[in-house]
There are 2 protein chains.
Amino acid sequence: MPERSGKPTRDTYRHGNLHQALLEAGTELARTGGPDAISLREVTRQAGVAPNAAYRHFPNRDALVQAVSLHAMAELALAMEEDLAALPPTDDPTRTARARFRAVGTGYLRFARTEPGLFRTAFYVPDDMTQAQAAASTGQGGMTPFELLCAALDGLVTCGLMSPERRPGAEFLVWSCVHGLAVLLIDGPLRGLPDEVVDPAVHDLIDLIEKGLRPDA
Amino acid sequence: MPERSGKPTRDTYRHGNLHQALLEAGTELARTGGPDAISLREVTRQAGVAPNAAYRHFPNRDALVQAVSLHAMAELALAMEEDLAALPPTDDPTRTARARFRAVGTGYLRFARTEPGLFRTAFYVPDDMTQAQAAASTGQGGMTPFELLCAALDGLVTCGLMSPERRPGAEFLVWSCVHGLAVLLIDGPLRGLPDEVVDPAVHDLIDLIEKGLRPDA
DNA sequence: AACATTATGTGTACGGCGTCCACATCTGGT
DNA sequence: ACCAGATGTGGACGCCGTACACATAATGTT
């Protein structure tokens with residue numbers, strides 16, 4: 001008998017699907033400890049494989065973290081889509097546009113608070129960069145979080161809830177506001193606040209943004 | 001002659017002011033590489049001292065990073081005070097309140113972009129937490145960044161630029177918006193954008209916030 | 001069917017890190 | 001003059017990422 005203890009033991013010399021296994025182990029580590037918790041030695045350990053085996057699938061640690069990051073970004077998109085899908089159907093297009101805009105924000109913040117480790121990993125960008133809205137980080141609908149936000153903003157413009165001349169670049173401003181609250185809630189000084197405090201704050205923040213975007217008239 | 005090479009050599013057994021020296025070395029490391037770049041072995045190396053000497057002044061690495069973080073927060077407050085001080089004097093209190101509010105935001109973002117490493121270090125909060133607006137992280141005026149923001153908001157209320165019933169908790173919303181832009185600009189997908197793009201975005205963001213805070217009337 | 005090629009996993013080793021322990025040295029109070 | 005506490009040193013341990021040489025399995029060619 002070649003082995004007897006532990007569970008991730010394997011009898012074949014080849015693992016079979018190591019790339020995927022490393023990714024999943026990395027995701028679990030990131031879930032509880034953020035990007036810094038992802039270690040090559042730990043993921044290979046969990047896969048029941050020698051540390052160096054990882055180098056057949058990722059050039060270095062950073063590449064693995066990057067891959068997990070993309071996966072986390074996709075989960076963020078999924079969370080946002082969930083909030084969008086949970087919306088009750090409406091006849092009023094204006095009401096719908098507003099609701100969809102809000103859902104984009106609440107989904108974002110819900111994911112940040114539910115999965116802070118993955119959220120932080122999603123925004124881990126090391127040195128190369130510019131893969132933010134790259135593929136593979138989309139939800140079921142094939143849209144990235146950023147694209148979901150843009151679509152929601154376009155909806156606001158269509159319904160007159162936002163002036164068209166304010167539209168260009170607005171996605172970055174809105175994103176900033178929501179992202180900032182997320183960061184302060186999970187990493188920063190607002191950490192660990194109970195839902196009774198946070199939920200109204202989320203509501204108020206989206207109110208503020210919405211009001212800030214509205215046409216002056 | 002006991003030593004001859006390198007510069008941080010010292011002839012006395014005692015260093016004299018190691019605590020301070022470690023703090024300064026740590027600050028320099030954080031300035032260029034953020035909190036992760038702070039290493040006990042490196043700061044002691046720069047101080048010309050054995051690695052373990054650090055343990056006479058900080059219980060562990062995290063305590064050092066924490067100390068640097070406080071220092072960085074104070075520098076942030078200083079940057080905000082600079083923008084406030086640079087304001088031209090005005091008779092109109094409303095105009096002043098508005099300008100001071102904007103200065104708080106621009107100072108915050110200017111520091112984030114000028115000193116991204118220190119900015120990230122300032123918001124490094126490990127496990128214990130709740131020292132956010134603790135002492136020692138204040139500027140010359142003795143106020144923390146958070147308190148500077150609160151004061152600016154109070155000014156807005158006084159001048160009727162903001163409805164009093166919206167005031168409670170508003171500091172967190174506004175902080176979120178500005179902080180979010182800072183994070184996206186230095187770490188996130190908006191990284192490395194030129195001033196010609198960023199400056200208008202900063203302006204627009206503060207516009208949006210201001211508008212969102214205004215009374216409905 | 002036999003062999004060469006490529007893909008994948010292993011073993012060993014190096015240097016860097018934080019940290020623990022025992023020990024050396026200096027300084028201030030008695 | 002001495003002792004106690006504060007401060008710095010040296011060595012060791014176990015992590016980590018990663019480079020190099022090697023072993024083994026899968027695949028394609030003849």
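Labels below follow one simple rule: chain letters A, B, ... track the order of the sequence lines, proteins then strands, and each chain is numbered from 1.
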Within the pair A:S39 and D:dC15, is there a side-chain N or O less than 4.0 Å away from OP1 or OP2?
no

Below the 4.0 Å mark, does C:dT19 have OP1 or OP2 next to a side-chain nitrogen or oxygen of B:Y55?
yes

Output yes when a side-chain donor or acceptor of A:R110 lies under 3.5 Å from a complementary backbone atom of A:A79, and no otherwise.
yes

A:T12 side chain near D:dA25 phosphate (N/O to OP1/OP2, under 4.0 Å)
no

When the nearest nucleotide of DNA chain C is assigned to A:R41 and to A:A53 on a heavy-atom basis, which residue is associated with the more 5' position?
A:A53

Strictly distance-based, threshold 3.5 Å: is any side-chain N or O of A:R61 a donor or acceptor partner for the main-chain N or O of A:I38?
yes

Would you please confirm or rule out a distance under 4.0 Å between OP1 or OP2 of C:dG9 and any side-chain N or O of A:H57?
yes

Per A:P51 side chain, nearest of listed nucleotides D:dT9, D:dT18, C:dT10
D:dT18

Flag the pair B:F172 / B:H179 as yes when their ring centroid distance falls below 6.0 Å, and as no otherwise.
no

Please evaluate residues A:D195 and A:R113 with respect to the criterion salt bridge (charged side-chain N to carboxylate O under 4.0 Å, His left out), reporting the C-alpha separation (whole Å), side-chain torsions for both, the decisive distance (0.1 Å), and the verdict.
CA-CA 10 Å; A:D195 288 5; A:R113 295 181 58 217; 2.4 Å; yes

Options C:dA13, D:dG8, C:dT10, nucleotide nearest the side-chain atoms of B:R56
D:dG8

A:Y13 side chain near D:dA25 phosphate (N/O to OP1/OP2, under 4.0 Å):
no

May I ask you to verify if any side-chain N or O of A:R45 is less than 4.0 angstrom from the OP1 or OP2 atom of D:dC16?
yes

